[in-house]
Amino acid sequence: MARVVLAMSGGVDSSVAAHLLVEQGHEVIGLFMRHGAAEAPACPAPSDTLATASSVLPILSRGSSHKQGCCSSSDAADARRVADRLGIDFYALNFADAFGQIIDYFVDEYGAGRTPNPCVMCNNWLKFGKLLDYADTVGAEFVATGHYAQLARGVDGRLALLRGVDVRKDQSYVLFGIDRQMLGRVMLPVGAFTKDAIRAQARDIGLRVADKRDSQEICFVPDGDYAALVRRRFGERSGELVTVDGQVVGRHEGIEHFTIGQRKGIGVALGEPQYVVRLEPETQRVVIGPREALLRLELFAARTNWHVDPDDRPIECSVQIRYNSAPAPARVTPLAGERMHVEFHTPLAGVAPGQAAVCYDGPRVLGGGWIE
């Protein structure tokens, strides 16, 4: 069997992933990735003993029953308890610098009127970037996570990234950016199970995290107030609310409060539902309109990452434009300069610059890019 570095968040998914890997006979090294951002503990806890990438030390902390983000002290304590229960090594790395890059990306995207997806970037830069680097330093052949996705050989004989068995929890969308050359070093132990089955396994083996709530917030914004994070960088950025025909109908406190397709929280009543249609960072205007104003028949995406060998011929596939959206039938044409053109078969609402457009052939991830 192999030595495997497993990203452990303290949640049920990565905890059961550790159990499954141990059952398979692997030597598992649990790794908790700290973002280094200031956090308000849910309850008092002693100081953590953190490690740098060059000096790895066990983390010593006591958690709480409260949930905040996915990288808090209580989460670290939960992960440590699971590692102790399973008899595997456990370490914490302080990835503050790398997380700083993700935070910069997050804030800058909102500043430019785009809707960022920090989870995809975290996977690209940390979990399948820095984590692989760390695996090399300890002689580990594989890295593993608790993502709900699968790996299997395709009909072309190549390793393919597939949707998880549990369609409600599938996370293949946020993994599209993994370099396909790295897929051979990746393990996704929970992807073949439903969430209910994973929780049942956790209960069966006596893990305290069996019924722990899933994280709902961005890990470096545990209070959910990401707009405040953006304002600290750019200051006050109020502006006009404008209809698609140019009528000024109100004001807003900052474009960071809005995303394309948003309906709730716009702050005006015009007799029919209004949606955010466009953000204009140059003028700080938020353009709103009826749902039909959202419909798009095409999009362009940049910085593509392919898991197949595309040529310049169109590909008939389905395209998913948000983590929780349904895939839509489309024709995708790869373009020069790591770009692609997506033509939907029927108009689609909610195409948001900054989000990923991920292409699928059934359950298989073909590739994707970032919506322009």
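Because only heavy atoms are used, hydrogens play no part in the values below, and waters and symmetry mates are left out as well, while side chains stay in.
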### Query
Tell me, do E240 and T283 make a side-chain contact under 4.5 Å, heavy atoms counted?
no
### Pair D75 + K212: basic N to acidic O under 4.0 Å
yes
### Query
Are T194 and D196 close enough that a side-chain donor and a side-chain acceptor fall under 3.5 Å?
no
#### Entry: Carboxylate-amine/guanidinium proximity below 4.0 Å for D166 and K195
no
### Query
How close do V12 and A202 get, heavy atom to heavy atom, and via which atoms?
CG2-CB, 3.7 Å
### Message
I need the minimum non-hydrogen distance between A330 and V342, along with the two atoms involved.
### Response
CB-CG1, 3.8 Å
## Note on the structure
Interatomic distance, CZ@R185 vs CG@D136, rounded to 0.5 Å, equals 4.5 Å
#### Entry: Side chain proximity check, F234 to V107, heavy atoms < 4.5 angstrom
yes
### Query
Can you name the nearest heavy-atom pair linking C359 to W306, along with the distance?
SG-CH2, 4.3 Å
### Message
Applying salt bridge (charged side-chain N to carboxylate O under 4.0 Å, His left out) to R233 and D108, what does each step give before you reach the verdict?
### Response
CA-CA 9 Å; R233 174 75 58 87; D108 290 344; 3.1 Å; yes
### Task
Answer yes or no: is there an ion pair linking R303 with E338, defined by an N-O contact shorter than 4.0 Å?
no
### Query
Salt bridge or not for E27 and R3, using N-O below 4.0 Å?
yes
### Message
Any side-chain to backbone donor/acceptor pair from R199 onto A210? Under 3.5 Å, distance only.
### Response
yes
### Task
Working to the nearest 0.5 Å, report the span between CZ of R231 and OH of Y110.
12.5 Å
### Query
V308 and M182: same hydrophobic cluster, using ILVMFWY side-chain contacts below 4.5 Å?
no
### Message
When you measure from the side chain of Q274 to the backbone of V276, do you find a donor-acceptor pair of N or O atoms at a distance under 3.5 Å?
### Response
no
#### Entry: Cluster check L86, V28: I/L/V/M/F/W/Y, side chain < 4.5 angstrom
yes
### Task
Kindly work out whether a path of hydrophobic side-chain contacts (I/L/V/M/F/W/Y, heavy atoms less than 4.5 Å apart) joins L175 to L132.
yes
### Linked, directly or transitively: V165 and F193 (ILVMFWY side chains, under 4.5 Å)
no
### Query
Sub-3.5 Å donor-acceptor pair from the side chain of Q150 to the main-chain atoms of L161, do we have one?
no
### Query
Does the side chain of T145 come within less than 4.5 Å of L188's, by heavy atoms?
yes
### Task
Report yes if some heavy atom in the side chain of I266 is under 4.5 Å from a heavy atom in the side chain of L241; otherwise report no.
yes
### Message
Tell me which one of V268, V242, V277 satisfies side chain to side chain contact (heavy atoms under 4.5 Å, CB included) with I288.
### Response
V268
## Note on the structure
Residues R237 and H252: closest non-hydrogen pair is O-CE1, 3.8 Å
### Query
Can you check whether Y323 reaches D170 side chain to side chain, under 4.5 Å on heavy atoms?
no
### Query
Is F32 reachable from V22 through a run of I, L, V, M, F, W or Y residues, each pair having side-chain heavy atoms under 4.5 Å apart?
yes
#### Entry: Donor-acceptor pair, side chain of H26 and main chain of A2, under 3.5 angstrom
yes
### Message
Between the side chains of R180 and D309, is the shortest nitrogen-to-carboxylate-oxygen separation below 4.0 Å, so that they form an ion pair?
### Response
yes
### Query
Does a side-chain heavy-atom distance below 4.5 Å link R322 with T259?
yes
### Closest heavy-atom pair and its distance - V82, S15
CG2-OG, 3.4 Å
## Note on the structure
ring-ring contact (aromatic ring centres under 6.0 Å, His included) filter on H341, not counting sequence neighbours, yields F300
### Task
Check whether any side-chain heavy atom of Y360 sits under 4.5 Å from a side-chain heavy atom of V365, and report yes or no.
yes
### Message
Under the criterion side-chain hydrogen bond (donor to acceptor under 3.5 Å, both in side chains), I'd like the reasoning laid out for Y148 against D13: C-alpha separation, chi angles, the key distance, then a yes or no.
### Response
CA-CA 9 Å; Y148 284 85; D13 301 324; 2.6 Å; yes
### Query
Taking all non-hydrogen atoms of both residues, which atom of R163 and which atom of G362 are closest, and how far apart?
NE-O, 4.3 Å
### Query
Do W370 and N117 have side-chain heavy atoms sitting under 4.5 Å apart?
yes
